Structures are given as C-alpha cells and as structure tokens.
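Sequential numbering from 1 along the given sequence is applied to the chain's residues. Predicted, not measured: the structure shown is a model, and the values here were computed from it. One-based numbering, in listed order, for ligands and for the atoms of each.
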Amino acid sequence: MFKDMMPSFELLMPSDLGNAVQLAKQQGEGGWILAGGNDSLDWFKDRNKRPVAIIDLAGIDSLKGIRETPDYLEIGALTTLTEIENNPVINEKYKLLADAAAKVASPQIRNTGTLGGNICQDTRCWYYRSGVDCYRAGGDTCYADTPEGMNREHCLFGADRCVAVSPSDTAPALVALDATMVVVNSEGEKTYKAEEFFVGPDVEITRMTVLKNGDILTAVRLPAAWAGATFYFEKVADRNSWDFPLVNVAAAMKLNGDIVEDIRIASSGIQCIPRRLTVVEEVVRGNPRNEDTAKLAGKSASRGATPLNFNHFKIPLLENLVTRAIRDA
Ligand SMILES: Cc1cc2nc3c(=O)[nH]c(=O)nc-3n(C[C@H](O)[C@H](O)[C@H](O)COP(=O)(O)OP(=O)(O)OC[C@H]3O[C@@H](n4cnc5c(N)ncnc54)[C@H](O)[C@@H]3O)c2cc1C
Ligand code: SF4
C-alpha cells in the first residue's frame, strides 16, 4: 500500500568532491550516494532501503567527462552511459565499452544512468528486491535456492548462501579491458583492478563491490595496453527492448595474423561478480582463431558450473556466446 511513495530523507548536494567525502563520512551507515538514481529510486519507492540522508553527486563536475592520458583513458564515475556510447575516443579505441553501454536498458535510462551507478548497482534477485529477510538483506535464508525457488535468472558459479548475479552490462567489459577503479574516502585515494572491485558472497554477502560507507567511486581507467584490440560484446535477455542480461559476454583479444596472442574475456549474469573466464583464456591464448578453437573455448566456459533447478539453459547459452565471441570478434 505504501509502494511508490518514498520515505523522507535529507538531501545533501555537495558541489565538490572534498565536501562529498566529508558528508559521506559524517552520514556513515545512514548515508546513500546518488548518481543518476535509476537503481536507487527503485529501492526508495519500494521502501526497502531507507537512507537517512542522500548525497547527490550530480553537482560535482570533476566526476564527469572523459580524459585521455598516455597511459590510460579516464572516465569520470558520473559520465552517462549515453556519453560513453557516443564518445569518439571510446568508439575508436575501446569500442567494447561503447557496445556494452549501448546495450543497457533504454535510451532514457542511458541518458541519466552513469557508469559508476551501472557498476555499483545492486543485484536484481526479485526476492531480495521485494524486501524479504534473506541472507543478502541480513537474514538467515535464501528464498531463491530452494526446490521451488524461482531461480531462472540466478547463478551458475560462486554460490555461497546467496545465488544472485551481477546484472551489469558494462562490468564484464571493464574486466575484459583490465580497467582500474579509483575510490576516494576521508583517508585518501585507492585504486582497485576491476576484478578486485567486485566481490562475491564468500567475501561479503551484503555488498557487491569493495565500496563501504564513506567510499566514493570517482573514475574508471582503461589502460592503453588494450586500446584498439579486437573486441566482442553480446547480450542475451528475455526481451529485445530494455531488459537485464540473462547472460552477456565481453571479450578483448590481441591478434597476430590469426593467432590469438592475448585475450581477456568475462561474463555477467552467471555469478555474483562479472566472471572472468580464465579457462577460456587459457584454451584460446597462443592458438589460431578458428572454428575448432572457438568450439573448444565455448565448451570450456561452463566448466565447474553448478546450475540451480531452473537455470540449466544458461549453460548452452554461455557456451554459445563464448564460441561466437572467439569466432566472430
Ligand atoms: C528499468 C531498468 C532497466 C535496467 N536495465 C539495465 C540493463 O539492461 N543493463 C544494466 O547493466 N543495467 C540496467 N539497469 C540498472 C541501472 O539502473 C542502470 O544501468 C544505471 O546505469 C544505474 O546508474 P545510476 O547512475 O542511475 O545509478 P544510481 O541509482 O544513482 O546508483 C546505483 C548504485 O550505485 C551507487 N553509486 C552510484 N554512483 C556511485 C559512486 N560514484 N560512488 C559510490 N557509489 C555509487 C549508489 O549508491 C547505488 O547503490 C536498469 C535499471 C532500470 C530501472
Ligand atoms: S539469491 Fe541472494 S539476494 Fe536472492 S534471496 Fe537468495 S540470498 Fe537473497
């Protein structure tokens, strides 16, 4: 009966990063960082998250925009997905990220949704989103991992009490591009490789990234080492219009003739973190890019998968996406 009516909160609108960091520290557990609001407002309207104060980053210009340096391309955390999709440097050198951003949701959501918000968004497990007291919400059960649990969208790998998945389309592209995340808090700045930035339930069940209260993601850096590589992004969802990925795949390859000299490949929708497919990389690296390698790579992608009752279909889906990524990139 209260759905769609947000509980009240204090709205704080810092105009510079220093002020935002100070406010985030002061607010502690009661604070909530807001970027484009596409994920956050769902939570507030459903009354399933009730922050005391919202720290709205929208007025901080230093968190917006794309800057090129000799070593990396830096994308401010508040840069919108539409800007990423249309940016000429990203399209020329890191098209993988432009392609992934273009597949997120709808044009309206991409116009306001930010890169930071896209990678920091919470899981879409519908039990959790409906406000139940499951493990991830601090309770002592998982409603999805039961014989009758509706777990069609849930994980193949890395279950640990929680079987939810990362729903982000840009996150696997950032893992494939070997990106670095820049995080600031009252103690200073710290950087994390994309693979360290995302955390599974075995590490921390109530969060999906390393970010704790008081932390602000300021930028994502794409290393020059992967600029201009050969890329592939594909997403499969239930609908062709906006929808979260059932499985997506993002690959970056360095080719020498038809030999794959190096490769990084990752996938969302199959684990609580964007899963780097290291077995696939080992199968492909140093080998010619042909149908046999692609098929072998596809088969190896599902090695170690433990499907739930209703998500066995994700195994051939993942295998086919990986085969296509290697063959068609
Ligand atoms: C209808 C709908 C469809 C969607 N479809 C897709 C899809 O197909 N693919 C997909 O990948 N996503 C999808 N999303 C998810 C997501 O809302 C958008 O991708 C969007 O990019 C989120 O960005 P935002 O800036 O609006 O995030 P916000 O809602 O502002 O923030 C999201 C989370 O990140 C945290 N956060 C944001 N910025 C920072 C920062 N700089 N530092 C620290 N924490 C931060 C917030 O505290 C919050 O917890 C969809 C969302 C909706 C509502
Ligand atoms: S999968 Fe995770 S988020 Fe979903 S009900 Fe289980 S514990 Fe909660």
Check: Do we get Arg239 above Trp242's six-membered ring, with its NZ or CZ under 6.0 Å from the centre and within 45° of the axis?
Finding: yes
Next item on the list: From the options Asp56, Ile216, Leu217, select the one residue that forms a side chain to side chain contact (heavy atoms under 4.5 Å, CB included) with Ile33.
Entry: Ile216
Check: Numbering the atoms of ligand 1 from 1, which are under 4.0 Å from a heavy atom of Ala105?
Finding: 3 (C), 4 (C), 5 (N), 6 (C), 7 (C), 8 (O)
Check: For ligand 1, which atoms, with element, lie under 4.0 Å from some heavy atom of Ser168?
Finding: 11 (O)
Check: Does Lys193 NZ have over 12 foreign heavy atoms under 6.0 Å away?
Finding: yes
Check: Which is it for Pro167 and ligand 1 at heavy atoms under 4.0 Å: side chain, backbone, both or neither?
Finding: backbone
Item checked: N/O separation below 3.5 Å, Leu34 to ligand 1 -> no
Next item on the list: Using a 4.0 Å heavy-atom cut-off, say whether Thr170 meets ligand 1 through its side chain, its backbone, both or neither.
Entry: neither
Check: Considering only the protein, which heavy-atom contact is closest to atom 33 (C) of ligand 1, and what is its distance?
Finding: Cys120 O, 3.7 Å
Check: In terms of residue, atom name and distance, what is the protein heavy atom nearest to atom 22 (C) of ligand 1?
Finding: Gly117 C, 3.6 Å
Note to self: For Lys103, run the side chain to side chain contact (heavy atoms under 4.5 Å, CB included) check against Glu234, Arg110, Lys235 and tell me which one passes.
What the structure shows: Lys235
Notebook entry, point to check: What's the shortest distance from atom 4 (C) of ligand 1 to any protein heavy atom, and which residue and atom give it?
Noted result: Phe244 CZ, 3.3 Å
Margin query: So, regarding Gly113 and ligand 1 (criterion: nitrogen or oxygen to nitrogen or oxygen, under 3.5 Å), is there a contact or not?
Written below: no
Checklist line | Any N or O of Arg124 closer than 3.5 Å to N or O of ligand 1 | finding: no
Check: Does Ala102 have any side-chain contact (heavy atoms from CB on, under 4.5 Å) partners at least two apart in sequence or in another chain, and if so, which?
Finding: Glu85
Checklist line | Those atoms of ligand 1 less than 4.0 Å from some heavy atom in Asn118 | finding: 10 (C), 11 (O), 12 (N), 18 (C), 19 (O), 21 (O), 22 (C), 23 (O)
Notebook entry, point to check: Does the gap between the ring centers of Trp32 and Phe9 come in under 6.0 Å?
Noted result: no
Next item on the list: Would you mind reporting whether Leu174 and Met181 have side-chain heavy atoms less than 4.5 Å apart?
Entry: yes
Checklist line | Short side-chain donor-acceptor distance under 3.5 Å, Asp99 and Tyr232 | finding: no
Check: In terms of atom number and element, which parts of ligand 1 are under 4.0 angstrom from non-hydrogen atoms of Leu81?
Finding: 21 (O)
For residues 12-26, which side-chain N or O atoms pair as donor and acceptor with protein atoms under 3.5 Å away, sequence neighbours left out?
residue: Asp16; atom: OD1; partner: Gly18; partner atom: N; Å: 3.1
residue: Asp16; atom: OD1; partner: Asn19; partner atom: N; Å: 2.8

Note to self: Please list the nearest protein heavy atom to atom 9 (N) of ligand 1 with its residue and the distance rounded to 0.1 Å.
What the structure shows: Asp169 OD2, 2.8 Å
Note to self: Between ligand 1 and Ala35, is the shortest N or O to N or O distance under 3.5 Å?
What the structure shows: yes
Next item on the list: For Leu211, take its heavy atoms, then give the atoms of ligand 1 lying under 4.0 Å from any of them.
Entry: 43 (C), 44 (N)
Note to self: Using a 4.0 Å cutoff against the non-hydrogen atoms of Asp243, which atoms of ligand 1 qualify?
What the structure shows: 7 (C), 8 (O)
Note to self: Taking CD in Glu189 as the centre, count heavy atoms belonging to other residues, nucleotides or ligands within less than 6.0 Å. Is the count above 12?
What the structure shows: yes
Checklist line | Non-hydrogen side-chain atoms of His154 and Cys125 separated by less than 4.5 Å | finding: yes
Next item on the list: Give the residue, atom name and distance (to 0.1 Å) of the protein heavy atom nearest atom 3 (C) of ligand 1.
Entry: Trp242 CE3, 3.5 Å
Checklist line | side chain to side chain donor-acceptor pair (under 3.5 Å) partners for Tyr192, two or more places apart | finding: none
Note to self: Check for me whether Arg275 meets the cation-pi criterion with Phe157, that is, NZ or CZ under 6.0 Å from the six-membered ring centre and within 45 degrees of the ring axis.
What the structure shows: yes
Check: Under 4.0 angstrom from ligand 1, any heavy atom of Lys235?
Finding: yes
Item checked: Distance filter under 4.0 Å to Ala77 heavy atoms, resulting ligand 1 atoms -> 41 (N)
Margin query: With heavy-atom distances below 4.5 Å as the criterion, would you say the side chains of Pro201 and Cys272 are in contact?
Written below: yes
Check: Considering distance alone, does some N or O of Gln121 sit under 3.5 Å from an N or O of ligand 1?
Finding: yes
Note to self: Keeping to distances under 2.8 Å, can you name the protein N/O/S atoms close to atom 6 (Fe) of ligand 2?
What the structure shows: Cys142 SG
Check: Using a distance-only test with no angle check, is there a side-chain donor-acceptor pair under 3.5 angstrom linking Asn256 and Glu261?
Finding: yes
Check: Are the aromatic rings of Tyr72 and Trp226 close, with centres under 6.0 Å apart?
Finding: no
Next item on the list: Determine whether the side chains of Ser168 and Asn118 contain a donor N or O and an acceptor N or O closer than 3.5 Å.
Entry: yes
Notebook entry, point to check: What part of Gln108, side chain from CB on, backbone N/CA/C/O, both or neither, has a heavy atom under 4.0 Å from ligand 1?
Noted result: neither
Notebook entry, point to check: For ligand 1, is there an N or O atom under 3.5 Å from any N or O atom of Ile109?
Noted result: no
Note to self: For atom 17 (O) of ligand 1, what is the closest protein heavy atom, and at what distance to 0.1 Å?
What the structure shows: Asn38 CB, 3.3 Å
Next item on the list: Note the single closest protein heavy atom to atom 31 (O) of ligand 1, along with its residue, its atom name and the distance in Å.
Entry: Ser40 OG, 3.5 Å
Next item on the list: Spell out, as yes or no, whether a donor-acceptor pair under 3.5 Å connects the side chain of Arg47 to the backbone of Arg50.
Entry: no
Check: Would Met150 and Tyr143 satisfy side-chain contact (heavy atoms from CB on, under 4.5 Å), going step by step from the backbone distance to the final call?
Finding: CA-CA 8 Å; Met150 294 308 295; Tyr143 296 89; over 6 Å; no
Checklist line | Nearest protein heavy atom with distance in Å, relative to atom 47 (O) of ligand 1 | finding: Ile33 O, 2.5 Å
Next item on the list: Under 4.0 Å from a heavy atom of Leu217: give me the atoms of ligand 1 that qualify, with their elements.
Entry: 40 (C), 41 (N), 42 (N), 43 (C)
Margin query: Are any of the N/O atoms on Gly36, whether in the backbone or the side chain, positioned under 3.5 angstrom from an N/O atom of ligand 1?
Written below: yes
